[in-house]
Amino acid sequence: MSIFAEVQEAPPIEVFQLTRECAADEFPNKVNLGVGAYRTDEGKPWVLPIVRKVEGLMAADETLNKEYLPVLGLDAASSAATKMLLGSSSKAISEGRAFGVQSISGTGALRVGAEFLAKQLNRTVFYMSTPTWGNHKLIFLNAGFKECHQYRYWDPKTRGVNITGFLEDLRAAPEGSVIILHACAHNPTGCDPTMDQWKEIAAVMKEKKLFPFFDSAYQGFASGDLDQDAQAVRFFVEQGFEVFCAQSFAKNFGLYNERIGNLAIVMSDSSLAAAVKSQITLIVRGMYSNPPNHGARIVAKVLNDPELFKEWQECIRTMSSRIKEMRASLLAKLTQLGTPGDWNHITQQIGMFSFKNVSVPWDQVAYMKSNYHIYLMSSGRINICGLTTKNVDYVAQAIDDAVRKFPATSS
Amino acid sequence: MALRSTFFLAPLRKNVVVIQRGIGSSWWSDVEMGPPDAILGITEAYKRDSNQKKINLGAGAYRDDHGKPYVLPSVRKAETIMASKNLDKEYLPIGGLPEFTKLTADLAFGDGNKVVPEGLNATVQGISGTGSLRIGANFLAKYFPGNKVIYLPTPSWANHTPIFKHAGMDVKAYRYYDPKTCGLDFKGLLDDISQIPEKSMILLHACAHNPTGVDPSKEQWKEISALIKKKQLYPFFDMAYQGFASGDINRDAFALRHFIQEGHTLCLAQSFAKNMGLYGERVGAYSIVCSDKDEAARVMSQVKILVRPMYSNPPVHGARIAATILGDENLREEWLVDVKGMADRIITMRQSLKEGLKKEGSNRNWDHITDQIGMFCYTGMTPDQVEKITKEYSIYLTKDGRISVAGVTSGNVDYLAHAMAKVCG
């Protein structure tokens, strides 16, 4: 009798299941609005020209070898990443109170940060937004947190942030709770708090002594402006918070599979940095020893070279503008069709995703899949990057048809 | 920086939560300084040393005969091929690059094995050996139906303990190294294994034991296999040196393949850090051999559930290099030559060192230097002798007397032999 006889089949992870189904679909006009990766107007993945350029330079560089990186990663990459997040004039950095740990993209940064909080600081409670990225919960639970709570976030009536509910839930959170905040381009809603709302959030968190753990997966990618997309994080740091921020370079550098990220840490006392680094070192050693070099080298090179940095900013603007255009296009088409409901959220939301939270999601979503071969998440989340000038009419029409056929109770 | 090496660790300290925090006080005030890395310490001291003749024998990475890092020619070739393909940067599946996972399983289990064609293996790409061990540890901690305890040889790679502990498992030991002979304490090993409670897990170094360099003989492996079977223990193989140890990928996989043949269900962590020199690319794999295809699928699905909240999916670059090499007949042959070259250089240095010691007039028995295999050699030097050789000759090694033979070159072996002979007699 095998020792694994009792192991059950785990449920498939929805977003990858969706991609698998779409890939297997032979319908010529199929559209994948599921997984969060940028696509060109031809519907193709895009390796940023600046990335290809840098890889070419790296390949020609005979001095590069394959030796282990330090446990905490390539310092040139993590320092630059931390600076990109906090701003070059950041006092936290100049005072030696901020540093970065190279991580395995955003997920890895969240996990290492969460393990430190749970195992070194004995944090047991964390809060995540309703809704949030599907992987947040298990990252924190597997890291050792004991209690998962949610704070209200998305208001289906206004299709915006439910700031009242948000603040109420924060006020009720036990002291020491770790709060997962999306730095910008909230996933999956695309709906961010305004700066005024961030100020209110910060005030409550300060009063209730809650710990901010930012998830920043879209800096630059959201608005096209790196500084704008970092405003919330910078505000908290300026207000004197100690902060963790998980940064991902998957989207803004298009380096999805190279797994390059950074756990930025801001402390109030620089003398504690050495101890914290040493403990994070032990966590990383027991998990994967040291991080992969390839993506780190690319990011380090670009962020530290003014010319390459400029070229990269161009690439970011290209991606974010195409997304904004597609948002505008989709809204225009739906308006033209007179599709029932209010669709302005499409252009009000920001980043890769648009979220409608159809109240009978499975009907409309299932209908779009079966009748139109358009794949989106059961939550109603669509990846705007999946839209192109060639398919936006088709998608608009399908949405129109689905909404009319299965009217939602709250449209 | 040497990572597969002796490492001085302390358990993660549980801190008392300080609830009252004023503005300006820090969350981290109670965080204790973790222990310094022993190997790093040695390397730093080595760097500070101005003695021209200094030698660093702490590093756990291969060096060429000039003491320089070595990027394998077959690897460079693979990267050139990859560059010409203009491949995208899309996320890999959670389980990794499919071409890679198939080829790495083939490499481990060998030509003519039944495991891969029958789909019995659930194989995932892991973040080199460490990451692969950790995935395995997490999986077994959750799903192993027996005792959540793993037995490690004494000594073992220092990072094994924290990996398994962080995953929530208990760690125990079985006798392995005999300091009297600088060889295997076979009797002690068998005795201890006989005492292990049934349905426990046991970690085995497939070849080139780290840190001692002492491997069981083929006959001894056969006995170990039979005993483990009898005691119903679950074997977890750590294979970080396939090809790198003897120069022959099949010979180095003998123990693993023998166990498979003998019907053990086992699991395996592989690393390509050393045998392909892909240290910083973090290429490895974790395989669980199951009793049938359906079980392998179920197991695979659960492994993925553990991977996603840890790092979502693995890095592509190194896996593509490995897959390019292993998937191309000619390139694979070239790689085997590269690997044999590394193994041969190390074996040659072992011989040179032993001969050098004799020439220097040392009457001690230094057979273990050539009996042992792989990157490391447990010289038998005492901590006092280590301190002396470091202070007086600027030769740096860990205080357990372990040297990394990779740090020995034709340019420094005479000096090393001289120093060892003087210090050890």
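Below, read A as the first sequence line, B as the second, and so on, with proteins coming before strands; counting in each chain starts at 1.
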>> How close do B:Gln302 and A:Val7 get, counting heavy atoms only, and between which atoms?
In response: CG-CG1, 3.6 Å
> Distance from B:Leu133 atom CG to A:Tyr288 atom OH, nearest 0.5 Å?
Replying inline: 15.5 Å
>> Between the side chains of A:Glu67 and B:Lys68, is the shortest nitrogen-to-carboxylate-oxygen separation below 4.0 Å, so that they form an ion pair?
In response: no
>> With a 4.5 angstrom heavy-atom cut-off, is it the side chain or the backbone of A:Arg39 that approaches chain B, or both, or neither?
In response: side chain
> Using non-hydrogen atoms only, which part of A:Ala273 is less than 4.5 Å away from chain B: side chain, backbone, both, or neither?
Replying inline: neither
>> Any non-hydrogen side-chain atom of B:Met310 less than 4.5 Å from a side-chain atom of A:Met287?
In response: yes
> Nearest heavy-atom pair of B:Ser312 and A:Arg259: which atoms, and what distance?
Replying inline: CB-NH2, 3.4 Å
> Is chain A contacted by the side chain of B:Val75, its backbone, both, or neither, given a heavy-atom distance below 4.5 Å?
Replying inline: side chain
> Where does A:Val51 contact chain B at under 4.5 Å (heavy atoms): side chain, backbone, both or neither?
Replying inline: side chain
>> One pair to check against side chain to side chain contact (heavy atoms under 4.5 Å, CB included): B:Lys89 and A:Glu258. What are the steps and the verdict?
In response: CA-CA 7 Å; B:Lys89 302 270 182 211; A:Glu258 302 287 359; 2.7 Å; yes
> In terms of ring plane angle, is the pair A:His294 and B:His317 parallel, tilted or perpendicular, where the classes change at 30° and 60°?
Replying inline: parallel
> Given that the side chain runs from C-beta out, which part of A:Ala274 has a heavy atom under 4.5 Å from chain B: side chain, backbone, both or neither?
Replying inline: both
> Most heavy-atom pairs under 4.5 angstrom with chain B, which of A:Ala109, A:Gly295, A:Pro291, A:Ala296?
Replying inline: A:Pro291
>> Nearest 0.5 Å, please: how far is CG in B:Asn313 from OH in A:Tyr256?
In response: 12.0 Å
> For B:Ala273, is it the side chain, the backbone, both or neither that has a heavy atom under 4.5 Å from a heavy atom of chain A?
Replying inline: side chain
>> Can you tell me which portion of B:Ile94 sits under 4.5 Å from chain A's heavy atoms? Options are side chain, backbone, both or neither.
In response: side chain
> Can you tell if the side chain of B:Arg282 reaches within under 4.5 Å of the side chain of A:Asn290, non-hydrogen atoms only?
Replying inline: yes
> Considering only heavy atoms, which portion of B:Val71 lies under 4.5 Å from any heavy atom of chain A: side chain, backbone, both, or neither?
Replying inline: side chain
> Checking B:Ile135 against chain A: side chain, backbone, both or neither under 4.5 Å from a heavy atom?
Replying inline: neither
> Which of the residues A:Thr19, A:Leu48, A:Leu110, A:Asn293 is involved in the greatest number of heavy-atom pairs with chain B at under 4.5 angstrom?
Replying inline: A:Asn293
> Which answer fits B:Glu79, side chain, backbone, both or neither, if we ask what part of it has an atom under 4.5 Å from a heavy atom of chain A?
Replying inline: side chain
>> Quick check on A:Leu64 against chain B: is it the side chain, the backbone, both or neither that has a heavy atom closer than 4.5 Å?
In response: backbone
> Which bit of B:Asn86 comes within less than 4.5 Å of chain A, counting heavy atoms only: side chain, backbone, both or neither?
Replying inline: both
> So, for B:Asn159 and A:Ser289, which heavy atoms are closest and what is the spacing to 0.1 Å?
Replying inline: ND2-OG, 3.5 Å
> Contact part of A:Glu62 toward chain B, heavy-atom cut-off under 4.5 Å: side chain, backbone, both or neither?
Replying inline: backbone
>> Which atoms of B:Pro314 are under 4.5 Å from chain A, going by heavy atoms: the side chain, the backbone, both sets, or neither?
In response: backbone
>> Heavy-atom pairs under 4.5 Å with chain B: which of A:Asn135, A:Asn65, A:Leu141, A:Val47 has the most?
In response: A:Asn135
>> Please rank B:Asp292, B:Ile288, B:Leu92, B:Leu87 by heavy-atom pairs under 4.5 Å with chain A and give me the top one.
In response: B:Leu87
> With only heavy atoms counted, which part of B:Phe144 is less than 4.5 Å from chain A, the side chain, the backbone, both or neither?
Replying inline: side chain
> B:Arg298, B:Lys142, B:Arg76: which one forms the most heavy-atom pairs within less than 4.5 Å of chain A?
Replying inline: B:Arg298
>> At a heavy-atom distance under 4.5 Å, which candidate from B:Thr265, B:Val299, B:Leu306 has the highest pair count against chain A?
In response: B:Val299
> Are A:Lys44 and B:Glu90 within salt-bridge range, i.e. N to O under 4.0 Å?
Replying inline: no
>> So for atom NZ, which belongs to A:Lys137, do other residues, nucleotides or ligands contribute more than 12 heavy atoms lying within a distance under 6.0 Å?
In response: no
>> Quick check: closest heavy atoms across B:Tyr311 and A:Ile104, and the distance to 0.1 Å?
In response: CB-CG2, 3.5 Å
> Rounded to the nearest 0.5 Å, how far apart are CE of B:Met276 and NZ of A:Lys66?
Replying inline: 12.0 Å
>> For chain A, which candidate among B:Gly146, B:Pro315, B:Gly131 shows the most heavy-atom pairs at distances under 4.5 Å?
In response: B:Pro315
>> Can you tell me which portion of B:Glu295 sits under 4.5 Å from chain A's heavy atoms? Options are side chain, backbone, both or neither.
In response: side chain
> If we only count heavy atoms from C-beta on, is the B:Ile305 to A:Leu138 side-chain gap below 4.5 Å?
Replying inline: yes
